[in-house]
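Following: one structure in structure tokens, then a few remarks.
Every number for a ligand or one of its atoms is a count from 1 in the order of the listing.
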Amino acid sequence: MPSSCVVDIDTAPFKGSIKLNTGLFIDGQWVDPVDKEMIDVINPSTGKTISQVSLGSSKDVDIAVKAAKQAYKTSWGLKCPGATRGRLLTRLADLIERDIDEFAALEALNAGKPFHIAKGKDMAGVIKCIRYFGGWADKIQGNTIETSEQKLAYTRHEPYGVVGQIIPWNFPMLMLSWKVGPALATGNCIVFKPSEMTPLSALKFADLVKEAGFPPGVVNLVNGYGTTVGQAISEHMDISKVAFTGSTLVGRKVLEASARTNLKVVTLELGGKSPTIIFDDCNLEQTIKWASMAIYANMGQSCIAGSRIFVQEGIYPQFMEKFTAVVQALGRATGDPFSSTTQHGPQVSKVQFDRIMGYIESGKASGATVHLGGARHGTEGFFIQPTIFTDCTPDMKIVKEEIFGPVAAILKFTTEEEVIEAANATVYGLSSCVFSENLSRALRVAHAIESGSMFVNSGPTVDSAVPFGGFKQSGMGREHGEYALATYTQVKGVHVNLGMMI
Ligand SMILES: NC(=O)C1=CN([C@@H]2O[C@H](COP(=O)(O)OP(=O)(O)OC[C@H]3O[C@@H](n4cnc5c(N)ncnc54)[C@H](O)[C@@H]3O)[C@@H](O)[C@H]2O)C=CC1
Ligand code: BAL
């Protein structure tokens, strides 16, 4: 009998016991991994173990792929009408909404997100995303193509079959929804790997997949390390497409694995070093709130974090005064994710904590000034103070590299041309923000910046209906919107002879 655990939480926003199956979810059943290995799951607020869950291997990936292939042939893919897929996705979204508090509690416990943010932002986004793609499931259609009177030609947008999905720990449920929503809507079966650090909410999700009535094998969940389960997914000969979110380093490995094996289609959503560009004529009150949200939301653990803040010289003193006050308030709202006043929780792990503190030390050593923060918060867990660096120059590591933590580098600029060049001086190109009340200028800049998303007079407010993905080394392919459907379908051109003779 595969193992389970009960997570007891007794806090103001959530009191209760959450029962979780801790096995692997394969072919609609909870099973033990072949090698019977387990992994500790850590609470980043304390550094203590919450529970142990199963740790899969390539052997479990093989079993999951077989189940997915069988489901694709018999009960999903082209065998299952889009309307049925859509209904199941909608039911799944309803079940997630029913259990939203449990999900938010698991995200707070395992990923350190403030509970009210996990509920109001992450989980609200998850439900919206799955409903959105549920709505697409019966609207996937090709075209007829005019060629000659003797030929009928049309296209079909067919699923790949079995797709692999590998996600990170920064938005465990949100990244899951971005992946499974379009894959299921388009009729693919899934072998899914959560981050080995944050698997708890995905375990709960798998139970709801079963409750919603998805046929066995359509969604399979194999928790495990990247170098075993992740690599096995990337190399698998019977997986036709893999969607990955994570570091650029691992993104390259996934692409290499595809090249080495079956040339599976790869979509990658990778790192960023996003610019927030603030002109003298911005609405300062609004801009400051958005700029703070852009870098510090989710403790800076976001690929779209606005970690380079370019401020035009005329507004620089006012910006610094007000921005500092907002970030100081965020520092005071740092602490227990289950407190209603907390806005800023811990980093996800000791590894990430050390990595970010290393960047802070590098910033100091390279001559930048710690204007605010720059140290750990408290004595327990992996908390870091929201940090502002000034006197930054383009050559510094803290300006060039993705920190993935609550660390902003402020850079002063004079002209529009200068800031466009500086903002584009990065290998990344995921997301950017520009603030100016001069719409002509804001749009000119929006068009000149090399990034897959551009936010004008707002922070990065990603939406399920709008394509999302990277330019340059931030990735390839798009999630969200109709564009996501294209990355989960392959186009077949059908030629019908209406009278041509040889
Ligand atoms: N774009 C994004 O949203 C994210 C970016 N990152 C960046 O990556 C840095 C390092 O974080 P990590 O947790 O180490 O990211 P990572 O890229 O190692 O982890 C992301 C996912 O990839 C898996 N993975 C690891 N090695 C793999 C392999 N060889 N083949 C297939 N899958 C593999 C992991 O198990 C996890 O599920 C962060 O500091 C941040 O800069 C991290 C997480 C998310
Ligand atoms: N990885 C997509 C969402 C984010 O990291 O902000």
Side-chain angles (χ1 to χ4, degrees), residues 39 55-56 58 61 111 113 121-122 125-126 129 164-179 191-199 202 221-236 239 242-258 260-261 264 266-274 293-307 347-359 400-405 407 428 430-431 452-453 455 459-464 468-470 473-475 478-480:
I39 181 175
L55 193 65
S58 62
V61 172
K113 292 169 188 283
K121 296 269 190 254
D122 290 54
V126 168
C129 177
Q165 304 188 318
I166 303 170
I167 64 155
W169 39 263
N170 54 340
F171 294 96
M173 275 305 290
L174 207 50
M175 291 306 102
L176 178 152
S177 68
W178 291 18
K179 297 274 180 289
V191 176
F192 182 90
K193 190 191 99 55
S195 165
E196 62 276 20
M197 284 191 274
T198 53
L221 182 90
V222 183
N223 182 44
Y225 292 122
T227 46
T228 52
V229 171
Q231 190 172 331
I233 290 174
S234 311
E235 290 179 342
H236 208 289
I239 290 182
V242 67
F244 171 81
T245 295
S247 60
T248 299
L249 182 79
V250 173
R252 281 183 208 284
K253 292 186 185 172
V254 173
L255 203 51
E256 281 164 10
S258 162
R260 253 197 331 270
T261 55
K264 56 179 65 63
V266 175
T267 48
L268 300 173
E269 204 264 90
L270 308 173
K273 192 72 193 174
S274 298
M293 171 266 197
I295 172 60
Y296 299 113
N298 207 40
M299 292 64 80
Q301 302 169 135
S302 170
C303 54
I304 51 181
S307 49
Q347 308 309 130
V348 77
S349 67
K350 175 79 167 62
V351 169
Q352 285 303 118
F353 174 92
D354 288 342
R355 187 185 154 99
I356 296 161
M357 292 308 291
Y359 272 110
K400 288 200 301 202
E401 296 181 15
E402 182 175 55
I403 300 175
F404 229 62
V407 182
Y428 295 116
L430 192 56
S431 163
S453 294
F455 298 89
T461 50
V462 177
D463 192 296
S464 298
F468 176 86
Q473 291 180 36
S474 286
R478 291 291 175 269
E479 303 196 281
H480 290 323

Handout entry: Geometric N/O contact C303 with ligand 2, under 3.5 angstrom
Key = yes
Exercise for the section: Classify the contact between L270 and ligand 1 as side chain, backbone, both or neither, using a heavy-atom distance cut-off of under 4.0 Å. Expected result: backbone
Problem - Geometric N/O contact E402 with ligand 1, under 3.5 angstrom - result: yes
Practice task
May I ask you to test the Q347-Q301 pair for a side-chain heavy-atom distance under 4.5 Å?
Solution key: yes
Handout entry: Side-chain heavy atoms of Q165 within contact of K193, under 4.5 Å
Key = no
Practice task
Please check if a non-hydrogen protein atom sits closer than 4.0 Å to atom 14 (O) of ligand 1.
Solution key: no
Problem - Minimum-distance protein heavy atom relative to atom 6 (O) of ligand 2 - result: S302 OG, 2.4 Å
Practice task
Would you check the N or O atoms of N170, main chain and side chain alike, for any that come under 3.5 Å of an N or O of ligand 2?
Solution key: yes
Handout entry: Side-chain donor/acceptor of D122 to backbone N/O of F171, under 3.5 Å
Key = no
Handout entry: Proximity of W178 and F468 rings by center, below 6.0 Å
Key = yes
Problem - atom 3 (O) of ligand 1 within contact range, any protein heavy atom under 4.0 Å - result: yes
Practice task
Supply the atom-to-atom distance E479 CD to T245 OG1, rounded to the nearest 0.5 angstrom.
Solution key: 4.5 Å
Exercise for the section: Please say whether W178 places an N or O atom under 3.5 Å from an N or O atom belonging to ligand 2. Expected result: no
